[in-house]
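Remarks on the structure that follows.
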Amino acid sequence: MKSTLISKENNEVKFKMEITAEEFENAVVKVYQKEKDKFEIDGFRKGKAPRSLIEKRYGEGIFFEDAINNLFSLNYPLAVDELDLDIIDYPRTEFGQIKKGEGFEITVTVSVYPEFEVKDYTGVEIEKVSGEVTDEDLEREMKNLADRNSRMVEVDRPAQDGDMVLIDYAGFVGDDQFEGGTAERQPLKLGSGTFIPGFEEQLIGAVKGEERDVKVTFPEQYHSEDLAGKDAVFKCKVHEIKEQEIPELDDDFAKDVSEFDTLEELKASKREDLAKAKAAQAESSMKNSVIEKVFEANDIDVPEVMVQSEIDSMISEFDQQLRAQGMDIQSYFQYMGQDQNTFREQLREDALKRTKTRMIVSKIADQEDFEVTEEEVKEELEKMAAMYGLEVEKLTEMIGVQNLSAIRGDIKIRKAIDFMFEKAVIK
C-alpha cells in the first residue's frame, strides 16, 4: 500500500491510499477461506466448494466488500502514521473502480488537529486572591457544625417557618382526586420550597391535629401535562410539628462532635481546616484567571467536530446527573418545552470555550516538552483507587489502555497550568 497526501487546509486533510492488485487478491483469498463454510454448492461438501464456483453462482464480487473493509482497517492507521496526521474525526472515503485482479485507490478525507503556537502564556498579570480566614468565616463554620448536629423536637404551638411538619394530604382538581397527589405522614420542612409554590406558606399557623385546605395553582410548565396550569386543593391534616434544636457551642459540644476537650481547641482546628480550603480556593481562582488571560490572548481555529464532540460529552454528563435524580434527558426536554437541537445550541458557546481552553493548555504542555513519568501515573491511579475503594491493579484493568493515556494527558495539562501560574505576575 502506498499513501500520498493530496491536500491539507482548514484543518482537513485529503490523501490517497493505493491498494495493489496483489494486496487485493490476497485479501479476497482470506475472506474466501474464512467464509467458504457458509456456502453450499451441489456436488461439494459444505465448505469445500472452489472459490471460482462460488463467485460464478453469487457473482465475482461476493467477497469484495469484506476484503475492502479489511484492507481499509489494516492500512488506514498505517497511512495516518506514515503521513504523520493527528486525526480528530472519523474518515470519509471514496473508492475507485473495483475490478477482479486489479488494484484500486481509496481517497480519504478527515479532520485533523489544527497546527498553532500559543503565545503570551508566561508573565501573565493577575490580581491576588486572599486566602485569609476571617472571624466571620469561622463563626459561619461553627454555626454550620451546630446545625449539622441539631435535632428535631416536637413542640406544642402553631407551625412556623422552618418547622418540620408531619402531614397527610390528598390533592383534588375540582371534585376529582388526581393520581400521585396523596400521601400519609409525609414530612415537610416549611420554607424549604420542596412543594408547589404557595403550598408550604399556607400551613404556617396550623396546629397539631388541624385539618386545613391548601389552595394552589400548578405551574404552566409542570411535568404532568394533566395538571399544568390548573387550580387544585390539597386537603391536609397535621400530625406533628417539630422545631430544630441547635446545641450550644461550648466545651461539651466540642467533646460530643470531635476529639477535642474544649471549644477553643475545636475552633483552632476548624480555622486551620478553613485556611487550607481557602488557600486552595484562592490558588484555583488565580489559576483560572491566568487561563482566562491566555485564552483571550490567543485566537485559534477550533474545528467544529471538536465542539460537537464536547457538546455530546456535556449532554451525556447532564443526562447522568438527571438519571441520578430519577429523570432522563428526554423527560427534561418535555418538562422544559424544548428539543435537543435547541439545547445543543445553548451549550455551544460553553463547549467552544472548553474545547479551546483544553487545546491551548495541552499545546503549552507540548511546547514546554512536559513529560509524565510512570511514577506520576501510579500516584494518580492510587488516588483514584482510594476514592473508589478499589485496588490499583483492579482499577488499572478496568480503565484500560485508552484511559491510561487520558490520565497522562490530564497530568500534562495540570503541569502546564502549574507552570503558567508559577510564571505569572501576581499583583
Side-chain angles (χ1 to χ4, degrees), residues 1-35 51-52 55 58-119 298-312 352 355-356 358-360 362-371 400-402 404-406 408-409 412:
M1 188 275 299
K2 177 184 176 183
S3 56
T4 307
L5 184 66
I6 299 174
S7 63
K8 187 175 184 181
E9 55 186 16
N10 298 326
N11 303 321
E12 193 169 82
V13 166
K14 180 178 285 189
F15 64 91
K16 180 172 62 177
M17 297 166 54
E18 299 177 50
I19 306 297
T20 66
E22 182 180 2
E23 289 170 330
F24 184 36
E25 174 62 18
N26 290 339
V28 171
V29 170
K30 287 182 179 179
V31 174
Y32 160 70
Q33 293 292 343
K34 181 180 179 182
E35 302 291 330
R51 172 185 156 193
S52 58
E55 290 176 338
Y58 296 98
E60 70 173 18
I62 182 64
F63 301 116
F64 283 7
E65 183 176 352
D66 286 345
I68 292 168
N69 288 337
N70 292 342
L71 283 168
F72 183 80
S73 299
L74 174 66
N75 289 289
Y76 174 67
L78 298 177
V80 167
D81 186 56
E82 180 184 338
L83 297 173
D84 195 23
L85 303 178
D86 189 1
I87 59 174
I88 57 173
D89 194 16
Y90 295 106
R92 304 183 297 280
T93 57
E94 295 178 22
F95 292 86
Q97 190 174 22
I98 310 295
K99 288 186 176 181
K100 184 176 181 180
E102 297 183 8
F104 61 93
E105 294 180 352
I106 307 174
T107 303
V108 180
T109 304
V110 65
S111 297
V112 294
Y113 200 87
E115 296 178 357
F116 64 96
E117 292 291 320
V118 183
K119 63 179 182 179
N298 287 270
D299 184 19
I300 64 173
D301 184 18
V302 181
E304 181 63 21
V305 64
M306 295 181 69
V307 177
Q308 293 302 322
S309 178
E310 183 65 24
I311 292 175
D312 289 340
L352 175 61
T355 306
K356 179 182 171 182
R358 188 166 57 248
M359 289 171 64
I360 287 172
S362 180
K363 187 64 176 180
I364 291 171
D366 291 338
Q367 288 177 204
E368 294 296 330
D369 291 326
F370 290 133
E371 297 293 336
V401 176
Q402 185 174 356
L404 275 179
S405 177
R408 289 189 177 91
K412 283 182 70 173

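Model, not experiment: these values are computed from the prediction. Any value given below was found using the heavy atoms of this structure, including those in side chains, with hydrogens, waters and symmetry copies removed. Numbers here simply count residues along the sequence, with the first being 1.
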Just list the side-chain donor-acceptor pairs under 3.5 Å for residues 86-114, sequence neighbours left out, or say none.
{"unit_1": "Arg92", "atom_1": "NH2", "unit_2": "Glu12", "atom_2": "OE2", "d": "2.6"}
{"unit_1": "Lys100", "atom_1": "NZ", "unit_2": "Glu55", "atom_2": "OE1", "d": "2.9"}

Answer whether the closest heavy-atom distance between the side chains of [X] and [Y] falls below 4.5 Å.
X: Val31; Y: Glu65; answer: no
X: Gln367; Y: Val118; answer: yes
X: Arg358; Y: Thr355; answer: yes
X: Arg51; Y: Val28; answer: yes

[atom1]-[atom2] distance between [X] and [Y], expressed to the nearest 0.5 angstrom:
X: Leu352; Y: Ile311; atom1: CG; atom2: CD1; answer: 9.0 Å
X: Glu371; Y: Lys412; atom1: CD; atom2: NZ; answer: 6.5 Å
X: Ile300; Y: Lys363; atom1: CD1; atom2: NZ; answer: 10.0 Å
X: Ile360; Y: Phe116; atom1: CD1; atom2: CZ; answer: 6.5 Å
X: Phe63; Y: Glu35; atom1: CZ; atom2: CD; answer: 7.5 Å
X: Glu18; Y: Glu23; atom1: CD; atom2: CD; answer: 10.0 Å

Test item: Asn70 side-chain N/O and Asp66 main-chain N/O as donor-acceptor pair under 3.5 Å: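 Yes, because the side chain of Asn70 sits within donor-acceptor range (under 3.5 Å) of the backbone of Asp66.
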Main-chain N/O of Asn69 paired to Ser73 side chain as donor or acceptor, under 3.5 Å: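 Yes; at least one donor-acceptor contact below 3.5 Å.
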Closest contact, heavy atoms only, [X] versus [Y]:
X: Asp299; Y: Lys356; result: CA-NZ, 4.2 Å
X: Leu78; Y: Met1; result: CB-CE, 4.3 Å
X: Phe24; Y: Ile19; result: N-CG2, 4.1 Å

Glu304, CD: over 12 other non-hydrogen atoms inside 6.0 angstrom: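 Result for CD/Glu304: enclosed.
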